[in-house]
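A short worksheet on the structure shown next.
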Amino acid sequence: MTYTVYYDYYDGKEVPIWFVIPVKSLNLLDYEQDTVTISIHAPFKKQERDAFDPNAMNVTITMNDLLLTSIPHSFGISLSNVKKRLDEYGVLLEDIDSFILLVADVEEVLQLQL
């Protein structure tokens with residue numbers, strides 16, 4: 001599985017901002033489950049922030065949606081939390097193209113595993 005990391009520039013330095021997980025390509029995603037585990041392994045597809053498609057059907061995964069796992073280099077996503085938010089807008093999880101996470105949130109969760 002290849003994930004995309006979108007970068008922007010701050011003070012002339014390239015900084016990763018978004019970690020994008022293409023939901024439709026997650027064969028392990030069972031829409032009836034309450035959680036999904038994501039394993040992080042390089043390489044990542046690298047894109048500039050301007051290349052982000054604002055018209056895609058994406059959902060933001062917040063820190064409240066992230067779960068600790070006992071699997072190294074992995075974290076969980078509470079699909080039940082995500083589904084509740086999507087229900088408010090009449091959107092099905094099955095219609096989502098990608099999960100969007102802040103790189104800082106992913107780094108924090110992975111550091112909590114240590």
Side-chain angles (χ1 to χ4, degrees):
M1 164 77 36
T2 301
Y3 304 114
T4 303
V5 175
Y6 286 85
Y7 289 78
D8 204 354
Y9 292 90
Y10 294 102
D11 294 328
K13 294 181 182 177
E14 193 175 59
V15 178
I17 52 170
W18 298 319
F19 184 76
V20 179
I21 302 168
V23 174
K24 300 221 172 160
S25 65
L26 284 179
N27 296 331
L28 68 145
L29 188 58
D30 178 350
Y31 297 106
E32 299 302 316
Q33 297 288 22
D34 289 332
T35 63
V36 63
T37 300
I38 305 297
S39 295
I40 305 295
H41 299 286
F44 303 118
K45 183 178 174 187
K46 184 177 170 181
Q47 292 282 338
E48 288 191 20
R49 188 181 73 126
D50 294 342
F52 185 77
D53 181 3
N55 298 316
M57 183 67 87
N58 301 310
V59 65
T60 300
I61 303 301
T62 67
M63 190 60 135
N64 290 334
D65 301 323
L66 299 180
L67 307 167
L68 292 174
T69 68
S70 59
I71 303 166
H73 310 290
S74 298
F75 61 89
I77 296 175
S78 171
L79 294 178
S80 56
N81 283 1
V82 175
K83 288 177 194 176
K84 285 178 193 173
R85 282 201 320 273
L86 292 175
D87 285 345
E88 293 176 18
Y89 298 99
V91 177
L92 298 174
L93 184 60
E94 293 88 343
D95 295 333
I96 298 299
D97 294 319
S98 299
F99 289 153
I100 310 298
L101 299 87
L102 291 175
V103 169
D105 289 349
V106 173
E107 289 173 340
E108 185 173 336
V109 169
L110 292 176
Q111 288 176 2
L112 290 173
Q113 288 181 333
L114 302 178

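Note: hydrogens, waters and symmetry copies are ignored here, and every other heavy atom, side chains too, is used.
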- Looking at Leu101, Leu110, Leu112, which one forms a side chain to side chain contact (heavy atoms under 4.5 Å, CB included) with Leu66?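 The passing option is Leu101.
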Using 0.5 Å steps for rounding, measure from the [atom1] atom of [X] to the [atom2] atom of [Y].
X: Glu48; Y: Tyr7; atom1: CD; atom2: OH; answer: 11.5 Å
X: Ile71; Y: Thr37; atom1: CD1; atom2: OG1; answer: 5.0 Å
X: Leu86; Y: Leu79; atom1: CG; atom2: CG; answer: 10.0 Å
X: Asp65; Y: Thr35; atom1: CG; atom2: OG1; answer: 12.0 Å
X: Asp50; Y: Asp8; atom1: CG; atom2: CG; answer: 7.0 Å
X: Ile100; Y: Tyr6; atom1: CD1; atom2: OH; answer: 7.0 Å

With the 4.5 Å side-chain cut-off for hydrophobic clustering, are [X] and [Y] part of the same group?
X: Phe99; Y: Val103; result: yes
X: Leu68; Y: Val82; result: yes
X: Val106; Y: Ile77; result: yes
X: Val20; Y: Leu93; result: no
X: Val5; Y: Ile38; result: yes

For [X] and [Y], indicate whether the former's side chain and the latter's backbone hold a donor-acceptor pair under 3.5 Å.
X: Asn81; Y: Asn64; answer: yes
X: Asp97; Y: Met57; answer: yes
X: Thr69; Y: Ser74; answer: yes

- Message: Would Arg85 and Val91 count as a side-chain contact (heavy atoms from CB on, under 4.5 Å) here? Give the steps.
- Response: CA-CA 9 Å; Arg85 282 201 320 273; Val91 177; over 6 Å; no
- Output, in order, the C-alpha distance, side-chain angles, deciding distance and verdict of side-chain contact (heavy atoms from CB on, under 4.5 Å) for Ile40 and Phe75. CA-CA 8 Å; Ile40 305 295; Phe75 61 89; 3.4 Å; yes
- Task: Look at the rings of Phe44 and Tyr3 and say which category their plane angle falls in: under 30° parallel, 30 to 60° tilted, over 60° perpendicular.
- Result: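 Aromatic pair Phe44/Tyr3 classed tilted.
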- Query: Between Phe52 and Trp18, how do the two ring planes meet: parallel, tilted or perpendicular, split at 30° and 60°?
  - Reply: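 Taking Trp18 first and then Phe52, their aromatic rings sit tilted (interplane angle of 30° to 60°).
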- Can you name the closest pair of heavy atoms from Gln33 and Lys83 and give their distance?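 Heavy atoms of Gln33 and Lys83 come nearest at O-NZ, 3.2 Å.
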- Message: To check you understand the geometry: which heavy-atom pair defines the closest contact between Ser98 and Asn58, and what is its length?
- Response: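 In this case the closest contact between Ser98 and Asn58 is CB-OD1, 3.2 Å.
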